[in-house]
K.L.:
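Below you'll find the structure I mean.
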There are 2 protein chains.
Amino acid sequence: MQATAFSPHDHTHCISSAITHAKGLCAERDVRLTPVRQRVLELIWQSHKPIGAYELLASLAKEGFNSAPPTVYRALDFLSEQGLLHKLESINAYVGCCNPDTPHQGHFLLCQVCHQAQELDSQYITLALKVSADQHGFEMHHHTIEVVGTCQECLNKANMSEAT
Amino acid sequence: MQATAFSPHDHTHCISSAITHAKGLCAERDVRLTPVRQRVLELIWQSHKPIGAYELLASLAKEGFNSAPPTVYRALDFLSEQGLLHKLESINAYVGCCNPDTPHQGHFLLCQVCHQAQELDSQYITLALKVSADQHGFEMHHHTIEVVGTCQECLNKANMSEAT
DNA sequence: GTATGTTATGTTATATTATAACAATCGTCA
DNA sequence: TGACGATTGTTATAATATAACATAACATAC
Ligand SMILES: [Zn+2]
Ligand SMILES: [Zn+2]
Ligand SMILES: [Zn+2]
Ligand SMILES: [Zn+2]
């Protein structure tokens, strides 16, 4: 729970690590991380702000890639199947997965101020969901958790500017 | 946590109770549950299946209401502000709220088979989220939890048809 | 009861997000 | 090579949602 999206960090490391990781996984799984797929993943990892499909598309277009919607949605589908990204349903935007090795659900904190997203991995949340589902005899397949609020950095900034 | 959307129940009671409840709340709050707003709420409560905006719109059109998108989105906005419905972000559909008196977040079980939604009210889930958020110094404003799977009724049906 | 401001609705157009359908190309391996 | 499946190109359209501005209904004050 250390290096968070919200706090300052060496983000070039996030990017390179994500790409290296993705290449490894795709090789292992014998699936193809084609140029457009890799580029979409890189674009998604440009920051910890979830990015929309059409924003990705605009970037691809500038770079000379094909720029019809299916291009980006196919890449997103592929990356999602491989567990390399998550879709944030409440904002229709996509963000890189921090831990694609083990398939899992995305639990996210979304900051309303800086628009960054931090993925959580809480056993308690998963357990609490499982308990609730079990109580209803409900068989869980997957789930979406998106917590919207203000991150610590943005709270600090707000406090500092208030304290004039 | 008894009478669930999934199990057989007197649904006319769900509907009438929801409408009565809504009328009371709107009167208390001095806001207007106009005909179109009330009709949208009734349509949403026709079943425990979340319903899409354009499906609502089609029903309104048949009934002689105005049928341009803003009509239904405005009604949905109003009902949402009053806590009378929830939007399920992962499927872009709307469902009536079971407990509109006390403002709260929607936690939902969505059955992939019968497409019904059951609202949960689990202190454990809320607490687990709060703990995770606190660990990150994150101030929670609202959240979305949508659990997709198979409900008990649909599991039973599947088991029965398997056991030939 | 008329003026006035506010809330709600009507109307047209358009923005945003996503998929269908089919053709062309690329990669792989017999 | 050639046959096959996977990937990409291309065009069109579906599905969801909002902007902008005009009109109507409602409430309160005068
Ligand atoms: Zn980073
Ligand atoms: Zn922030
Ligand atoms: Zn019911
Ligand atoms: Zn079911």
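This is a predicted model, so every value here is computed, not measured. Lettering of chains follows the sequences in order, A, B, ..., and the numbering in each one begins at 1. The figures here come from the full heavy-atom set of this structure, side chains too, leaving out hydrogens, waters and symmetry mates.
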K.L.:
What about B/Y54, does its side chain sit under 3.5 Å from the base of D/dA17 through a donor-acceptor pair?
P.N.:
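Such a pair is found, so the answer is yes.
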
K.L.:
CG of A/L33 versus C1' of C/dC26: gap in Å, rounded?
P.N.:
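About 17 Å, once rounded to whole Å.
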
K.L.:
What is the separation between atom CD on A/E81 and atom P on D/dA6, rounded to the nearest whole Å?
P.N.:
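Checked: the CD to P distance equals 12 Å.
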
K.L.:
Assign B/Y94 to base, sugar-phosphate, or nothing according to its heavy-atom contacts below 4.0 angstrom with the strands shown.
P.N.:
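It contacts sugar-phosphate atoms only.
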
K.L.:
Specify the separation, in whole Å, of atom CG of B/L57 and atom P of D/dT18.
P.N.:
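Atom CG in B/L57 sits about 14 Å away from atom P in D/dT18.
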
K.L.:
Quick check: on DNA chain D, is the nucleotide nearest B/D30 upstream (toward 5') of the one nearest B/G52, or the reverse? Name the residue that is more 5'.
P.N.:
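Counting from the 5' end, the first nearest nucleotide belongs to B/G52.
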
K.L.:
Check the distance between C/dT7's P and B/R29's CZ and give it to me in whole angstrom.
P.N.:
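To the nearest whole Å, that distance equals 17 Å.
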
K.L.:
Determine: side-chain N/O of B/N66 to OP1/OP2 of C/dG10, distance under 4.0 Å, yes or no.
P.N.:
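True: B/N66 side-chain N/O within range (under 4.0 Å) of C/dG10 OP1/OP2.
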
K.L.:
Do B/F6 and A/H136 have ring centroids that are under 6.0 Å from one another?
P.N.:
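No, the ring centres sit 6.0 Å or more apart.
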
K.L.:
Need to verify one output field. Residue with the more 5' nearest nucleotide on DNA chain C, B/R37 or B/P70?
P.N.:
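It is B/R37, whose closest nucleotide lies nearer the 5' terminus.
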
K.L.:
More than 12 heavy atoms of other residues, nucleotides or ligands under 6.0 Å from CZ of B/F65: is that the case?
P.N.:
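Counting neighbours around CZ of B/F65, more than 12 heavy atoms of other residues, nucleotides or ligands fall under 6.0 Å, so yes.
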
K.L.:
So what does B/N92 hit on the nucleic acid, given a heavy-atom distance under 4.0 Å: a base, only sugar-phosphate, or nothing?
P.N.:
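Touches sugar-phosphate only.
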
K.L.:
Taking the minimum atom-to-atom distance to the side chain of B/R74, which one of C/dT11, D/dT10, C/dA18 wins?
P.N.:
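Nearest to the side chain of B/R74 among the choices is C/dT11.
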
K.L.:
State which residue, out of B/H48, B/Q105, B/H104, fulfils the side chain to side chain donor-acceptor pair (under 3.5 Å) condition with B/E119.
P.N.:
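One option only clears the test, and that one is B/H104.
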
K.L.:
Has B/Y73 got a side-chain N or O lying under 4.0 Å from the OP1 or OP2 atom of C/dG10?
P.N.:
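No.
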
K.L.:
Want to settle it: does B/D77 or A/P35 sit nearer the 5' end of DNA chain D, counting the closest nucleotide to each?
P.N.:
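With B/D77 and A/P35 compared, the 5'-side residue is A/P35.
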
K.L.:
Please work out which of the three classes, parallel, tilted or perpendicular, describes the rings of A/H86 and A/F108, given edges at 30° and 60°.
P.N.:
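Ring orientation of A/F108 relative to A/H86: perpendicular.
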
K.L.:
If I take atom CD in residue A/E55 and atom P in nucleotide C/dT16, what distance separates them, rounded to the nearest angstrom?
P.N.:
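Rounding to the nearest Å, CD of A/E55 and P of C/dT16 are 12 Å apart.
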
K.L.:
Can you tell me how far P of D/dT7 sits from CZ of A/F78, to the nearest Å?
P.N.:
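In whole Å, D/dT7 P lies 7 Å from A/F78 CZ.
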
K.L.:
Between B/P69 and B/R32, name the one whose nearest nucleotide on DNA chain C is closer to the 5' end.
P.N.:
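The residue closer to the strand's 5' end, by nearest nucleotide, is B/R32.
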
K.L.:
With a 6.0 Å cut-off on ring centres, are B/H11 and B/H9 close enough?
P.N.:
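Distance test on ring centres: under 6.0 Å, yes.
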
K.L.:
Rounded to whole angstrom units, what separation is found between the CG atom of A/L79 and the P atom of D/dT7?
P.N.:
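It is 12 Å, rounded to the nearest whole Å.
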
K.L.:
Provide, to the nearest angstrom, the distance between the CZ atom belonging to A/F65 and the C1' atom belonging to D/dT10.
P.N.:
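Value for this atom pair: 18 Å.
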
